[in-house]
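Here is the structure we will look at, set down as structure tokens.
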Amino acid sequence: MLCEKCQKRPAAVHMTKIVNGNKTETHLCEVCAQVDNSVSFGLDPKWMLQSIFAELFNTPHTENDPSSDAGVKPNRCEKCGFTDAQFSQVGRLGCPTCYDVFENKLDPVLRRIHGNPRHTGKIPKRTGGTIELRREIEELKRELQAAITSEEYEKAAEVRDKIRGLENKLG
Amino acid sequence: MSVENTIGKARSKWMEGTGPDNDVVISSRLRLARNIEGYPFPHFMSEEEANHVINAVRLAVSEKAGAKFPVETEFIDLNELSQTERQILVEKHLVSPQHIESPANRAVVIAHDESLSIMVNEEDHIRIQCFLPGLQIKEAWRLADKIDDVLEKTLNYSFCEKRGYLTSCPTNVGTGLRASVMLHLPCLVMTKQLGAMVNTISQLGLAVRGYYGEGTEAYGDLFQVSNQVTMGQTEDEIVTNLLTVTRQIVSQERSTRKVVLKNNKPFLEDRIYRAFGVMSYARVMTAQEAIKNVSDLRLGVELGILKTPAYDQINELIILTRPAFLIKKAGRPLNAGELDALRAEIIREKLSKININ
Ligand SMILES: [Zn+2]
Ligand SMILES: [Zn+2]
């Protein structure tokens, strides 16, 4: 068996990896395995994940929006000039704007890989706290719904007032 | 402290061999990916733009700009190092192999104790990496979080409310956080329990990587467990998830060690003393053979069969016998045969100072 990466030397290192239940096997020669730096204390298996991602990107997602593959969205980023064909090759995007440009194709893939394709983590302080406020309001709205469902009307009124207060702050 | 020091010494903070659960967990590592607003990602950037990014980070980490890091750091332009010196940074895991493939317009910021490095213009504009000995993922996250706070005072990150921190590769988008632990699991491998475990772990959004030689026997019995999901979970959730799963693996390995030691002591002693014998007398040793033997030696210490060497000496042995370190020591290029001979020599010399009885 030849090394998957260079196709020159015999494969000596065999790696099995499972992401969300999908099993992939990689066979590398010693040289490429060193570059991949997975021997002993390795870094991320970057190129592998990227190639999985590129593959998913190219697969039509009929369960989502079948029109997303019909070229309704532009296939070139107006900001940096990156194309979706390039993405399929390198598994990376050209610039932050690419995320919006290729949204229709990217989001189904992000959902597959990450489950919930919405950021819930750290927020840069320069955003001035408005994102935190919006998150808090969303959370309170869920609480309000729960209170109404369980017929705790006093609590519901309390939560509703809190939401109004926060919404005023947002302006 | 200078670059020379970093390159000249084999030890980093993570190699100290201390830290919680150090009988199974060698090191914990956490990385945050960040990009600067208004620039294409590194692989799609002009030279001029790349230079802007380097200068922006240089400013952001300088004390003149008011940057207060919890650790002392140094800014290193990769172009100012020789190829061997750059390779040493890779062998010490301070930068990735990809980072030195084209050193132009790339830099790295390194903390003096090497618990922190910041790669500039690797796959993303900024990669903050924290690296600690033993099971310290939470501590690594706290350190990276602080460093990130300092940088964002000066730098305007690419961030959107819905998708979080925008990264060059969509597999990192959201938190941009990848945490991993390096585990030594000789007894789970020996008793063939690892396969089933890998299946379970992968269903929790984590990935296990190991090196497989013959069949399912792992190369050096070293495994890395890391999170695959970077979006839709908070940093704390990701870190806690990995920590919980790691603790379970650790306790499984420990209980298996007890059983194996009780039932197969002569077999284990033979394997460990054989490794010690080979390392004490071999004249030629490949990198792969060295890691396998070091792993067995480590097993001896983990089981209490050997009293020495200490974990830090074991970790040092691995780094000392990597190719670039050997070339640096020899002071000239070496061919494969010469490398293997020098490796054997250094290992012999190190072991001759260790009294295992
Ligand atoms: Zn190869
Ligand atoms: Zn773009």
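Quick note on labels: first sequence line is chain A, next is B, and so on, each numbered from 1.
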Separation of [Y] [atom2] from [X] [atom1] (nearest 0.5 Å):
X: A:Asp100; Y: B:Lys162; atom1: CG; atom2: NZ; result: 8.5 Å
X: A:Cys98; Y: B:Phe41; atom1: SG; atom2: CZ; result: 7.0 Å
X: B:Glu49; Y: A:Cys95; atom1: CD; atom2: SG; result: 10.0 Å
X: A:Tyr99; Y: B:Ser158; atom1: OH; atom2: OG; result: 9.5 Å

Does the [X] side chain pair with the main chain of [Y], one donor and one acceptor, at a distance under 3.5 Å?
X: A:Arg92; Y: B:Phe44; value: no
X: B:Tyr157; Y: A:Ile123; value: no
X: A:Lys122; Y: B:Asp145; value: yes
X: B:His43; Y: A:Leu93; value: yes
X: A:His114; Y: B:Val229; value: no

Pick from A:Cys80, A:Gly94, A:Cys77 with the largest number of heavy-atom pairs that fall under 4.5 Å of chain B: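 Between A:Cys80, A:Gly94, A:Cys77, the count favours A:Gly94.
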Between A:Lys79, A:Gln86, A:Arg118, which shows the greatest number of heavy-atom pairs under 4.5 Å with chain B?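 Winner by heavy-atom pair count: A:Arg118.
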Heavy-atom distance under 4.5 Å between the side chains of [X] and [Y], does that happen here?
X: B:Tyr165; Y: A:Pro124; result: yes
X: A:Leu106; Y: B:Pro170; result: yes
X: A:Asp107; Y: B:Arg163; result: yes

Closest non-hydrogen atom pair between A:Pro96 and B:Leu166, with its separation: CB-CD1, 3.7 Å
Between B:Val173 and A:Leu110, the two heavy atoms sitting closest are CG1-CD2, 3.7 Å
Please rank [options] by heavy-atom pairs under 4.5 Å with chain A and give me the top one.
options: B:Ser168, B:Pro40, B:Gly176; result: B:Ser168
options: B:Gly38, B:Gly164, B:Cys160, B:Pro42; result: B:Gly164
options: B:Leu177, B:Ile238, B:Asp236, B:Thr167; result: B:Thr167
options: B:Asn35, B:Ile201, B:Asp148; result: B:Asp148

B:Ser295 versus chain A, the contacting section by heavy-atom distance below 4.5 Å: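 Contact with chain A is absent: no heavy atom of B:Ser295 under 4.5 Å.
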Structural part of B:Glu161 lying under 4.5 Å from a heavy atom of chain A: both
Report the C-alpha separation of B:Asp149 and A:Lys125 in whole Å, then their side-chain angles, then the decisive distance to 0.1 Å, and conclude whether the side chain to side chain contact (heavy atoms under 4.5 Å, CB included) test is met. CA-CA 8 Å; B:Asp149 286 345; A:Lys125 291 189 182 59; 3.2 Å; yes
